[in-house]
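This is a predicted model, so every value here is computed, not measured.
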Amino acid sequence: MPSPYRALFAMPGTKGFSAAGFLGRMPLSMMGIGVVTMISQLTGRYGLAGALSATIALAAAAIGPQISRLVDQHGQRRVLRPATLVALTAAAGLLLAAHFRWPDWALFVCAAGIGSVPSLGAMIRARWAALYRGTEKLHTAYSFESVVDEICFIFGPIISIGLSTVWFPEAGPLLAACFLATGVFWLTAQRATEPEPHPREHHGGGTALRSAGLQVLVATFMATGAIFGSVDVVTVAFADERGHKGAASVVLALYASGSCVAGVVFGLLRFAGAPERRWLLGVAAMAVSMIPLLLVGNLPLLAVALFVAGLSIAPTMITTMSLIEEHVPRAKLTEGMTWVSTGLAVGVALGSSVAGSVIDAAGARAGYGVPAVSGAAAVAVGFLGYRRLRRPAAGRGGTVEQHGEREERHLA
């Protein structure tokens, strides 16, 4: 591991919460695609599979920010454990409903309950921010966490799809639930690095989403999430049409691998320019990278195209976390990070649902039009909201260097 990354773990407790966060985030890449694989294996209905995955994402979008707001107020341990128990109970119900062929409405009720799963990525990043706020190490920490996210997306789909296709259909989501339980309870047992809670009277009232800059980030990542959700569903169907459904996990792993490689390199670099320009460039790169998917006709070419497409993901996500630091008060940082995850979740829900319908109607290749259109929408929203990102609210996060750069720019 390059020395800047090694230096992150000089602080006591960092290895422990990072490892717990890795396990707890595996379900992020396993549950949705696992449900798609499970339902398609048991029923052959991609529309239903995509709709259930969308329900999980939408429920998480509705519940996640509220859980994170409670975490900011009361601390991670007091909130995450009961929320996780609810999600685990709902996951068990979904597996039983699928196995015993209960009515569709029972599947949707259980899928909605899984939405109470906490945003472990936001929890881990909040711990890094509490340790390294205002230093260059925070950029490296955010980069490291983006790499961890992508490692989850490399191995998660392989494990989830592989178990559900080779062992039994419910195996992927079942293991995802086990990872969630282990990660959350291990993380919340580590009290020394838990960020200090900010009681309600310190919050200044209202939600973090009142920030104009955060609104732009969330809206843009709704469209970006539609890219991710549709790519997952369409790639499984694309591989299935060619008689190699299990290969979808490998192809999706290469998509995440591209992002992982870019994230490692990005974390070693230091930038002098305004982060919002890098962010907009990253969003545009993600959109352009979706166009080649419309032209591929076989799995090897699809794998190459997705690897290249992945190169823009991690740098854009890392820059997004830096922008949240500038636009959200410290007392609402976890909530702010979760709102971006919520935007992604809503987008994943829309993308997977629309993609499933397109696949059922016109086939998998036509389904790649969904991420292409979603990318164009992300660029449009990013350009329209760019000015809001150039004006961080007074007294909010951001490093000393970033504020100095902004002062020089405004004076110029």
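- Annotation: ring-ring contact (aromatic ring centres under 6.0 Å, His included) contacts involving residues 226-266, sequence neighbours excluded, comprise His139-Phe266, Phe238-Tyr368, Phe266-Phe271.
- Looking at residues two or more places apart in sequence or on another chain, you find no side chain to side chain donor-acceptor pair (under 3.5 Å) involving Ser18.
- One distance of note links CG of Leu94 with CD1 of Ile114; it measures 4.5 Å at 0.5 Å rounding.
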Compile the donor-acceptor pairs under 3.5 Å between side chains in residues 19-28 and protein atoms, sequence neighbours left out, one pair per line.
unit_1: Arg25; atom_1: NE; unit_2: Gly21; atom_2: O; d: 3.2
unit_1: Arg25; atom_1: NH1; unit_2: Glu145; atom_2: OE1; d: 3.0
unit_1: Arg25; atom_1: NH1; unit_2: Asp149; atom_2: OD1; d: 2.8
unit_1: Arg25; atom_1: NH2; unit_2: Glu145; atom_2: OE1; d: 2.4

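- Applying the side chain to side chain donor-acceptor pair (under 3.5 Å) rule to Thr140 yields the partners Arg270; only residues at least two apart in sequence or on another chain are considered.
- In this structure the side chain of Leu302 reaches within 4.5 angstrom of the side chain of Leu293, judged on heavy atoms.
- Checked against side chain to side chain contact (heavy atoms under 4.5 Å, CB included), Pro169 has the following partners two or more places apart in sequence or in another chain: Met38, Gln41, Leu42.
- Of the N and O atoms on the side chains of Thr316 and Trp279, not one donor lies less than 3.5 Å from an acceptor on the other residue.
- Put simply, the side chain of Arg365 gets close to the backbone of Leu295: a donor and an acceptor are under 3.5 Å apart.
- Checked against side chain to side chain contact (heavy atoms under 4.5 Å, CB included), Ser230 has the following partners two or more places apart in sequence or in another chain: Ala355, Val370, Pro371.
- Partners of Ala256 under the side chain to side chain contact (heavy atoms under 4.5 Å, CB included) rule, at least two apart in sequence or in another chain, are Glu150, Phe153, Ile154.
- For the side chain to side chain donor-acceptor pair (under 3.5 Å) test, residues two or more places apart in sequence or in another chain that qualify with Ser68 are Thr338.
- For Glu194, the salt bridge (charged side-chain N to carboxylate O under 4.0 Å, His left out) test picks out Arg191, with sequence neighbours left out.
- For Arg81, the side chain to side chain donor-acceptor pair (under 3.5 Å) partners are Thr188, not counting sequence neighbours.
- Here CG of Leu217 is found 10.5 Å from CD of Glu276. Values are rounded to the nearest 0.5 Å.
- In terms of modelled atom types and a separation under 3.5 Å, the side chain of Thr135 and the main chain of Tyr132 share a donor-acceptor contact.
- Between the side chain of Ser160 and the backbone N or O of Gly156, no donor-acceptor pair lies under 3.5 Å.
- For His99, the side chain to side chain contact (heavy atoms under 4.5 Å, CB included) criterion is met by Glu170, not counting sequence neighbours.
- Using modelled atom types and a 3.5 Å distance limit, the side chains of Arg127 and Gln190 yield no donor-acceptor pair.
- For the pair Ser116 (side chain) and Ala87 (backbone), a donor-acceptor distance under 3.5 Å is present.
- Under the 30°/60° scheme for interplanar angles, the aromatic rings of Phe144 and Trp128 are found to stand perpendicular.
- Summarising the local packing, CZ of Phe168 is surrounded by more than 12 heavy atoms from other residues, nucleotides or ligands at distances under 6.0 Å.
- Side-chain atoms of Ser289 come within 3.5 Å of backbone N or O of Met286 as a donor-acceptor pair.
- Every pair passing salt bridge (charged side-chain N to carboxylate O under 4.0 Å, His left out) that includes a residue from residues 90-119 is listed here, sequence neighbours excluded: Arg45-Asp104.
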